[in-house]
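Here the structure is laid out as structure tokens; the discussion comes afterwards.
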Amino acid sequence: MTLDDELRRALEPKAPPDGFADRVLARIASSTAAGPGSRSPHVRSRLIRALAVAAALVLTAAATSYYRYQLVQLEGERAAREVRVALTIASEKLALAARRVNRNDDTKVSIREAP
Amino acid sequence: MRTWMRGVLCCAVLMWMPVHAWAQGPRLQLDKLTRLASQASEVTDIALDPAMLQLAGNFVSAQNDDSRAIKELLGSLKGVYVKTYQFDRDGAYTAADVESVRGQLTGNWTRLVATESKKEQGRELVEIYSWREGERMGGLAILVAEPRELTVVNIVGPIDLTRLAALRGQLGIPNVPIK
């Protein structure tokens with residue numbers, strides 16, 4: 001048998017098996033009845049997993065930004081407290097200097113006009 | 001030759017000193033005092049740079065007069081640094097500790113007030129310096145050395161002494177010419 005014969009035999013038209021057309025039509029009918037929105041269980045689980053990951057990312061981002069906000073809030077409150085303490089100490093020491101200047105004892109005093 | 005080189009060296013040192021003092025600006029280096037913290041019974045160490053002052057300004061509510069006054073003062077300041085050490089015994093700090101601060105108060109620093117009294121318990125020293133930027137005050141330094149307390153306040157930026165003193169309803173420094 002030559003190569004030409006083999007090719008001719010392989011490519012010669014053959015009738016489909018019995019019931020092939022019916023099976024194809026039935027399959028088309030069933031997929032149309034299920035509708036375009038339906039998903040196979042595999043696709044659905046992948047979709048759920050993707051949604052879960054997205055939700056986790058959103059929650060993490062929200063938690064991080066809230067944590068940062070809290071940190072800034074604490075830092076700001078601490079800085080405000082420290083400013084109050086620092087200026088109070090400065091004010092008290094100015095008052096102490098004024099008291100020393102006005103004291104009538106042997107304290108040596110020198111004063112110069114502020115610019 | 002050696003004399004010539006020595007002269008050049010002296011000139012270089014003399015030229016460098018005021019430039020160095022100016023370059024430092026009104027911010028004092030108070031790191032040498034931190035060693036006192038281990039001996040002190042009470043320590044207040046505050047360091048607020050411009051960023052922290054700005055942040056603090058946002059958190060000082062302007063509801064009462066004191067807060068409004070603080071907010072107004074903060075607007076122009078570039079730094080507030082305070083170190084206070086209180087001790088349980090006399091002589092916990094040395095004259096060198098005081099001098100480490102006083103030594104920096106040269107150049108543009110002008111001493112406004114100096115009071116010194118010697119008592120049985122030891123020396124009491126209160127000095128107030130201002131940093132001059134032209135005709136206005138660009139900084140403030142307060143040094144208080146008592147037998148059991150050492151305080152250094154360093155405020156960087158233009159500050160109104162009267163407003164600062166008024167924060168606690170106290171009188172400011174008398175405007176009296178030098179004796």
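A quick note: this is a predicted structure, and the numbers were derived from the prediction, not measured. To find a chain, count down the sequence lines: A is the first, B the second, and so on, and within it residues start at 1.
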Candidate pair L55(B) and R78(A), rule side chain to side chain contact (heavy atoms under 4.5 Å, CB included), full reasoning
CA-CA 10 Å; L55(B) 184 65; R78(A) 186 178 66 87; over 6 Å; no
List the steps, then state whether side chain to side chain contact (heavy atoms under 4.5 Å, CB included) holds for V85(A) with T44(B).
CA-CA 9 Å; V85(A) 171; T44(B) 304; 4.2 Å; yes
Is there a side chain to side chain contact (heavy atoms under 4.5 Å, CB included) between I89(A) and I142(B)? Walk through the geometry before answering.
CA-CA 10 Å; I89(A) 290 172; I142(B) 304 172; over 6 Å; no
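For the atom pair I70(B) CD1 and T88(A) OG1, the distance stands at 6.0 Å (nearest 0.5 Å). Rounding to the nearest 0.5 Å gives a distance of 13.0 Å between NZ of K93(A) and CG of L164(B).
Ranked by heavy-atom pairs shorter than 4.5 Å toward chain A, the options V153(B), L48(B), V82(B), V80(B) are led by L48(B). For chain A, the option among L74(B), L73(B), T84(B) with the highest count of heavy-atom pairs below 4.5 Å is L74(B). In terms of heavy-atom pairs under 4.5 angstrom with chain A, the leader among L53(B), T151(B), N58(B) is T151(B).
Here the shortest heavy-atom pairing between A56(B) and A80(A) reads CB-N, 3.7 Å. Looking at every heavy atom in both residues, E82(A) comes nearest to I46(B) through O-CD1, 3.5 Å. For the pair A97(A) and I128(B), the tightest heavy-atom approach, listed with the atom from each and the gap, is CB-CD1, 3.5 Å.
Between R100(A) and E124(B) there is a salt bridge, since at least one side-chain N of the basic residue sits less than 4.0 Å from a carboxylate O of the acidic one.
In this structure, the portion of E146(B) lying under 4.5 Å from any heavy atom of chain A is its side chain and not its backbone. At a 4.5 Å heavy-atom cutoff, R81(A) makes no contact with chain B through either its backbone or its side chain.
Atom CZ of R23(A) is surrounded by more than 12 heavy atoms from other residues, nucleotides or ligands within 6.0 Å. Around atom CD of E149(B), more than 12 heavy atoms belonging to other residues, nucleotides or ligands sit under 6.0 Å away. Heavy-atom neighbours of R35(B) CZ from other residues, nucleotides or ligands within 6.0 Å: above the threshold of 12.
Linking ILVMFWY residues whenever their side-chain heavy atoms come closer than 4.5 Å, directly or via other members, leaves F59(B) and L71(A) in distinct clusters.
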